[in-house]
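The structure under discussion appears below in the form of structure tokens.
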2 protein chains.
Amino acid sequence: MNKVTIDDIAKVAGVSKSTVSRVLHGKVAVHPDKKNAVLTATRRLGFKPNIVAQSLASGRSMTIGVLTQNMGSPFYDAIAQGVIAGLASSNYSPIFADGQWQIPKELSALQSLVGRRVDGLVLIGGGISSQQIDDTCDGLPIVIVARTFAESHYRCISMDNIAGGYAATRHLLDRGHRKIAIVRGLPTHADAIERYQGYVRALEELGMVPDPRLVVESDFSPESGITAVNELVKRGERFSAIFAANDLTAFGARLALDQHRLRVPDDVSLIGFDDQLESAYITPPLTTYRQPAREMGQYAADAILKLLQGEEFSSLQVHGELVIRHSVRDLSTASV
Amino acid sequence: MNKVTIDDIAKVAGVSKSTVSRVLHGKVAVHPDKKNAVLTATRRLGFKPNIVAQSLASGRSMTIGVLTQNMGSPFYDAIAQGVIAGLASSNYSPIFADGQWQIPKELSALQSLVGRRVDGLVLIGGGISSQQIDDTCDGLPIVIVARTFAESHYRCISMDNIAGGYAATRHLLDRGHRKIAIVRGLPTHADAIERYQGYVRALEELGMVPDPRLVVESDFSPESGITAVNELVKRGERFSAIFAANDLTAFGARLALDQHRLRVPDDVSLIGFDDQLESAYITPPLTTYRQPAREMGQYAADAILKLLQGEEFSSLQVHGELVIRHSVRDLSTASV
DNA sequence: CCTTACCTTGAAACCGGTTTCAAGATATCG
DNA sequence: CGATATCTTGAAACCGGTTTCAAGGTAAGG
């Protein structure tokens, strides 16, 4: 273990530990001779500061707590990676906790993070109330990614899911689709609800009314995409396109369609949401609404860093975009 | 912020801080009355111990450093999730660092972890030498996942990649394939090398010699799977099956085959490696050699926890298995 | 050349716990 | 009932840094 302390250096360099600390920090002027002596000793002894001691003394732990909705979901993982990347150039290290889609776990994970005296928090998704957040971490700088609070004073990095749902649906509409099924996602999840709202809005804009028989719920997993399509087929519904809650669901839906001998996009068009890595490589490459997850994570890192430096930072809405690949058929030209 | 300290409790409970510490730890007997007084005060004041101070005083940080080869690779991410899950029931929290496939970054990330005075380390994959590891973290308990060292004294959780490569190739062979192309993976990466060795062994066992024209390199990305197939096709090679370095590469290969109007598995069979989530949902569902990544992560967590308690733990080899789905065609019956 | 302002520097307090040590209290035992 | 062993307990040292404070030294101004 590295047992060299600041006192050892002080002794070797012939100065006080205060001076060593000052040299290492570089903020206060120190006589060049002593400075050199300290630096030399530091190098010779291979001194590495004890971050724990530093934290206790300075009150800052140089650690950012990152609480994620779920590790293992491509979207949230991508955000987490963005946070890591954004923090990499700073002196702060991220420390992770996982909410596992469950509010109680999420809360206790948050408490553990706060108990570790993190200097700041990045919350990725999640479902705990702003009340609970406030109670648990009063005063701590917080940035929230991929979630918004209507009332709150938090800084959020979010994407407009209503706009996303609208754009995806609109794309289908523009290509002549009228019977558009939607696999909604978790009925309690804000993102899913908003995307659905976008879907409804796009339909209504054309004077259509959403057909309840064409909406199915899911839990964002591929498995639930399969179930959804099976359900739709079993019910005997007719549809020319499916809007899936996210790409993972779309993968499942795509497989189920295949099993029903429904070709994509010839028989049924398919559109996803997220644009995860694999989406560009399935057959056919999936048209989807891209969320800039990694960037969102980086923005969050930048934001928390700013907050930590006392600079201000206000909520930010990032823009998604439709990524058009080959899973949607253009019915309008086909019918010409 | 939580400003309640152990001194506040001592004052309220009318005892010394030593006694408070003892009560909170529970190891030493304390008079029931005082114990109750302390517990009551703790609850009433909402005391949460300052983990940083605890760490400094006790010399243990209750933190496990996790260094991953790369965040964003499904396989390594799955291991990381396993580690998180395995640590969840303990009092230790994981703190992450990312090597980003680059040895210098890996080394500096490791140093930063050690500087934080983690109590133990879990290394996921990676390429730094055992020499470098020893120099950086002498004495610290270490568990290494998804990598083995021939010489070393480390505890490793690994899978036999040679056996995996052999099993995958053998599966193809058993189904009558003889022209088996392989997309090898990173030429410097141990896993890739070993899988290739397994491939060679399977071939040689049947008296065949590996055809260098059928081996292409990749970097484990889907993009490189596309490139590999394009390369193979451009060269005009004939092959009835492809063994891809990992599933991601297989995805790319599958798409490229489609673009060349080569059907899977009718024209070309495809087998992957890893069995990541999405593999079961592409079309056709991918036959692949499954690495129990998440379990490996959990084993690693268990191992480091044991080591921390002074118990012993020796290296462990987990077993992979072939997951047969629908991307491999049986040529032997077809020809009957 | 003397006074005042500013620098540089070391001693000491401090961060919030854990742990050692010794004293006082209690229990055990002959 | 006295002596010794065992428990319980508080004071103080300690972990390894940061930060305050005041002293001594130097530079600038009159």
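Throughout, a chain's letter reflects where its sequence line sits, starting with A, and its residues are numbered from 1. Values reported hereafter were calculated over all heavy atoms of this structure, with side chains retained and with hydrogens, waters and symmetry mates removed.
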Could you tell me if B:S18 and B:S21 have a donor-acceptor pair between their side chains, going purely by distance under 3.5 Å? no

Assess the side chains of A:T63 and B:R116: does a donor N or O sit below 3.5 Å from an acceptor N or O? yes

Where along residues 12-30 of chain A does a heavy atom come under 4.0 Å from DNA chain D, residue by residue in number order? A:K17, A:S18, A:S21, A:R22, A:H25

Between atom [atom1] in [X] and atom [atom2] in [N], what is the gap in whole Å?
| X | N | atom1 | atom2 | answer |
| --- | --- | --- | --- | --- |
| A:K34 | C:dT9 | NZ | C1' | 6 Å |
| B:I6 | C:dC14 | CD1 | P | 18 Å |
| A:H31 | C:dG10 | NE2 | C1' | 16 Å |
| B:I9 | C:dG17 | CD1 | C1' | 12 Å |
| A:D7 | D:dG16 | CG | P | 8 Å |
| A:R117 | C:dC15 | CZ | C1' | 11 Å |
| B:D33 | D:dT8 | CG | P | 13 Å |
| A:L56 | C:dA13 | CG | C1' | 13 Å |

Which range-with-range stems can be found for DNA chain C when each stem has 3 or more Watson-Crick or G-U pairs in a row and both distances sit under 3.5 Å? C:1-30 with D:1-30

Mind listing the closest non-hydrogen atom pair of B:C137 and B:L121 along with its distance? SG-CD1, 3.7 Å

Do you know which two heavy atoms are closest between B:S129 and B:F149, and how far apart they sit? C-CE2, 4.5 Å

For the side chain of [X] and the backbone of [Y], is there at least one donor-acceptor N/O pair under 3.5 Å apart?
| X | Y | answer |
| --- | --- | --- |
| B:Q69 | B:G126 | yes |
| B:H25 | B:K27 | no |
| B:Y76 | B:A293 | no |
| B:S93 | A:L113 | no |

Hey, are the side chains of A:D219 and A:H189 touching, using non-hydrogen atoms and a 4.5 Å cut-off? no

Just the atom pairs and distances: protein N or O near nucleotides 25-27 of chain C's N or O, under 3.5 Å.
none

Would the number of heavy atoms belonging to other residues, nucleotides or ligands and lying under 6.0 Å from OH of B:Y299 be above 12? no

Just checking A:D33: does its CG atom have more than 12 heavy atoms from other residues, nucleotides or ligands closer to it than 6.0 angstrom? yes

Does C:dT18 have OP1 or OP2 sitting under 4.0 Å from an N or O in the side chain of B:Q54? yes

With a 4.0 Å limit, can you tell me whether B:K3 has a side-chain N or O closer than that to the phosphate oxygens OP1/OP2 of C:dG16? yes

B:T5 has its side chain closest, among D:dT9, C:dT19, C:dG16, to C:dG16

